[in-house]
K.L.:
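Handing you this structure, nothing more for now.
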Amino acid sequence: MEKNRVTLRICGLSYTILTEDDPDYVEELGELINKEMKSIGKESPTLSTTQCAVLVALDQADACKKATASADNLRAQIKDYLEDSARARMEVDVARREIERLNKEISNLRNRLANN
């Protein structure tokens, strides 16, 4: 796949990134990081750019880890729902076969009664 060269401006510094991702997407990520770093810098003006970057990285790592855990939880729930659905379908099939068997039995009994 073709590599895209994207230049990001974060806290007054330029970063050139080579990526296979869509340049607009990478620029959006850069804007997000820049915004978060500026916000932390305004809240705590004594922090260095590196310290702001570490705090943003920790926040992003936390969000990523929580999103992954949430996705894993959703996958487990979906798996359980699919298993429940498969079990219910099997029960419906068993019930249909029993209904057919009982209908045949009723039909046979009616025929016997009619012949007597």
Side-chain angles (χ1 to χ4, degrees):
M1 183 171 220
E2 183 181 323
K3 297 263 184 184
N4 298 306
R5 184 178 302 271
V6 182
T7 301
L8 305 175
R9 205 90 182 123
I10 300 173
C11 288
L13 298 173
S14 291
Y15 299 90
T16 301
I17 309 293
L18 279 177
T19 180
E20 293 179 354
D21 291 323
D22 178 30
D24 291 338
Y25 172 74
V26 176
E27 287 171 3
E28 188 178 316
L29 293 177
E31 289 171 12
L32 173 69
I33 298 302
N34 187 50
K35 181 180 174 185
E36 288 186 24
M37 286 186 62
K38 283 185 175 184
S39 175
I40 289 173
K42 284 181 184 174
E43 290 176 20
S44 304
T46 59
L47 294 178
S48 69
T49 302
T50 302
Q51 290 170 319
C52 288
V54 168
L55 291 175
V56 169
L58 284 170
D59 186 51
Q60 290 299 313
D62 177 54
C64 180
K65 192 167 181 93
K66 287 177 180 174
T68 300
S70 178
D72 289 345
N73 183 36
L74 289 172
R75 276 190 283 278
Q77 286 180 9
I78 289 169
K79 182 182 175 213
D80 290 344
Y81 294 148
L82 290 173
E83 288 171 357
D84 289 347
S85 174
R87 206 172 8 263
R89 276 191 294 249
M90 286 185 356
E91 290 172 4
V92 165
D93 288 343
V94 168
R96 281 189 182 134
R97 285 193 297 272
E98 181 65 9
I99 288 169
E100 288 174 19
R101 186 190 69 74
L102 291 172
N103 281 335
K104 286 179 186 176
E105 188 176 327
I106 289 170
S107 179
N108 289 338
L109 290 172
R110 283 185 179 149
N111 287 338
R112 277 191 198 168
L113 281 172
N115 291 337
N116 285 339

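What you see is a predicted model, and the numbers here were worked out from it, not measured in a lab. Position 1 is the first residue of the sequence, and the numbers go up from there.
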K.L.:
Determine whether a donor-acceptor pair (N or O, by modelled atom type, separation under 3.5 Å) exists between the side chain of Asn4 and the backbone of Asp22.
P.N.:
no
K.L.:
Not counting sequence neighbours, list each pair that qualifies as a salt bridge (charged side-chain N to carboxylate O under 4.0 Å, His left out) and has a residue in residues 54-76.
P.N.:
Asp62-Lys66, Asp72-Arg75
K.L.:
Identify the two heavy atoms, one from Thr7 and one from Ser14, that lie closest to each other, and give their separation to 0.1 Å.
P.N.:
CG2-CB, 4.3 Å
K.L.:
Which pairs with one or both residues in residues 105-116 pass salt bridge (charged side-chain N to carboxylate O under 4.0 Å, His left out), sequence neighbours excluded?
P.N.:
Arg101-Glu105
K.L.:
Can you tell me which residue among Ile10, Ile33, Leu32 is in a side chain to side chain contact (heavy atoms under 4.5 Å, CB included) with Val56?
P.N.:
Ile33
K.L.:
So, for Cys52 and Leu47, which heavy atoms are closest and what is the spacing to 0.1 Å?
P.N.:
SG-CB, 4.0 Å
K.L.:
I'd like to check the salt bridge (Lys or Arg N to Asp or Glu O under 4.0 Å) partners of Glu91; sequence neighbours left out, ordered by chain and number.
P.N.:
none
K.L.:
Applying salt bridge (Lys or Arg N to Asp or Glu O under 4.0 Å), name anything that partners Arg89, two or more places apart in sequence or on another chain.
P.N.:
none
K.L.:
Following the transitive rule for hydrophobic clusters with a side-chain heavy-atom cut-off under 4.5 Å over Ile, Leu, Val, Met, Phe, Trp and Tyr, establish whether Leu13 and Leu55 coincide in one cluster.
P.N.:
yes
K.L.:
Would you say the side chain of Met90 lies within less than 4.5 Å of the side chain of Val94, judging by non-hydrogen atoms?
P.N.:
no
K.L.:
Donor-acceptor pair, distance only, cut-off 3.5 Å: does the side chain of Asn115 make one with the backbone of Asn111?
P.N.:
yes
K.L.:
Give, for atom CD1 of Ile17 and atom OG1 of Thr19, the distance between the pair rounded to the nearest 0.5 Å.
P.N.:
8.0 Å
K.L.:
Decide yes or no for Glu20 and Glu2: does some side-chain heavy atom of the first lie under 4.5 Å from some side-chain heavy atom of the second?
P.N.:
no
K.L.:
Listing request: all side chain to side chain donor-acceptor pair (under 3.5 Å) pairs with a residue in residues 24-34, at least two apart in sequence or in separate chains.
P.N.:
none
K.L.:
Can you list the residues that meet the salt bridge (Lys or Arg N to Asp or Glu O under 4.0 Å) rule with Lys42, with sequence neighbours excluded?
P.N.:
none
K.L.:
Return the CG to OG1 distance between Asn73 and Thr68, rounded to the nearest 0.5 Å.
P.N.:
12.5 Å
